[in-house]
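In what follows, a single structure is set out as structure tokens and then discussed.
Since the structure is predicted, the reported quantities are computational estimates derived from the model, not experimental observations. Index from 1, following the sequence. Below, all heavy atoms of this structure are taken into account, side chains as well, without hydrogens, waters or symmetry copies.
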Amino acid sequence: MALTADIIRTWRAPRAVIRDLLDQGRREDRAVAFVMIACFLIFVAQWPRLSRIANGYEPSPWPPEINFEGMMTYTFYAVVIMLPLALYGMAAVAHLIAKAFRGQGSWYSARLSFFWALLTTTPLLLLHGLVRGFIGPGTQSILVGAVWALAFAYIWIQCMIATERGQ
């Protein structure tokens, strides 16, 4: 099935989709692709906010000598190069926690669950980026961010249940 169709289907039945992905066999290349696509989309979601900062509509956390291109470069490095490494570590910690509660999944299934949950919720992160870029920080941004966090947590927990308990 197409990746986008699986993403849409995940919002209705996350356990079924993650089981389908695991039934396709252990494919580390697929897990890496999921995390890299998610991180690139997270990077894209930062563009409106960085543009707002560069144009002076929002206070800059960057040193004054950093222009928009510099902000984009540093953000790319942080989100596309470094974030996947941190996400691998977070997935490993989640697997260890699941093992402490008698989880029966593998390191791969924990990674796939975490990366898939992140990828399936990136549309909300893109919306969050648009809100931050057009409206700025505030209640709307916090609300969209909270909706993303809840959606991510729900999908990730459902995926972990399916992979660690075999349901």
Kindly indicate whether the side chain of [X], heavy atoms from C-beta on, has any atom under 4.5 Å from the side chain of [Y].
X	Y	result
Leu50	Tyr74	no
Trp47	Thr75	no
Glu28	Arg111	yes
Phe115	Arg30	no
Leu3	Phe34	yes
Met72	Gln46	no
Ile53	Phe68	no

Original post:
How many angstroms lie between OH in Tyr108 and NE2 in His95, if you round to the nearest 0.5 Å?
Top reply: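 Rounded to the nearest 0.5 Å, the OH-NE2 separation comes to 14.0 Å.
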
Return the minimal non-hydrogen interatomic distance between [X] and [Y], and the atom names on each side.
X	Y	value
Arg12	Pro14	C-CD, 3.7 Å
Glu164	Gly105	OE1-N, 2.9 Å
Met160	Ala110	SD-CA, 4.2 Å
Ala162	Ile18	CB-CG2, 3.6 Å
Ser113	Cys159	OG-O, 3.5 Å

Subject >> salt bridge (Lys or Arg N to Asp or Glu O under 4.0 Å) against Asp29, all qualifying residues, sequence neighbours excluded >> reply: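 With sequence neighbours excluded, Asp29 shows a salt bridge (Lys or Arg N to Asp or Glu O under 4.0 Å) to Arg27, given in chain and number order.
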
Subject >> With sequence neighbours excluded, residues passing salt bridge (Lys or Arg N to Asp or Glu O under 4.0 Å) with Glu65 >> reply: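 For Glu65, no residue satisfies salt bridge (Lys or Arg N to Asp or Glu O under 4.0 Å) once neighbours in sequence are set aside.
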
Original post:
Of all residues at least two apart in sequence or in a different chain, which pass the ring pair (Phe, Tyr, Trp, His ring centres under 6.0 Å) check with Trp156?
Top reply: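 By the ring pair (Phe, Tyr, Trp, His ring centres under 6.0 Å) rule, Trp156 matches Phe114, Phe152.
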
Original post:
Who pairs with Phe76 by ring pair (Phe, Tyr, Trp, His ring centres under 6.0 Å), at least two apart in sequence or on another chain?
Top reply: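 Ring pair (Phe, Tyr, Trp, His ring centres under 6.0 Å) list for Phe76, sorted by chain: Phe43.
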
Original post:
Who passes side-chain hydrogen bond (donor to acceptor under 3.5 Å, both in side chains) against Glu69, sequence neighbours left out?
Top reply: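 Here the qualifying residues are Asn67.
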
**OP:** Report the C-alpha separation of Thr163 and Leu112 in whole Å, then their side-chain angles, then the decisive distance to 0.1 Å, and conclude whether the side chain to side chain contact (heavy atoms under 4.5 Å, CB included) test is met.
**Re:** CA-CA 9 Å; Thr163 60; Leu112 188 67; over 6 Å; no

Subject >> Test side chain to side chain contact (heavy atoms under 4.5 Å, CB included) applied to Cys39 and Leu87, step by step >> reply: CA-CA 10 Å; Cys39 287; Leu87 294 175; 3.9 Å; yes

Taking distance alone, no hydrogens or angles, what donor-acceptor pairs closer than 3.5 Å link side-chain atoms of residues 117-137 to residues at least two apart or in another chain?
| from | atom 1 | to | atom 2 | distance (Å) |
| --- | --- | --- | --- | --- |
| Thr120 | OG1 | Trp116 | O | 3.1 |
| Thr120 | OG1 | Ala117 | O | 3.0 |
| Thr121 | OG1 | Ala117 | O | 2.9 |
| Thr121 | OG1 | Leu118 | O | 3.2 |
| Thr121 | OG1 | Trp148 | NE1 | 3.0 |
| Thr122 | OG1 | Leu119 | O | 2.7 |
| His128 | NE2 | Ser141 | O | 3.3 |
| His128 | NE2 | Ser141 | OG | 3.2 |
| Arg132 | NH2 | Glu58 | OE2 | 2.5 |

Subject >> Within 6.0 angstrom of Gln140 CD, more than 12 heavy atoms from elsewhere >> reply: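 Result for CD/Gln140: enclosed.
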
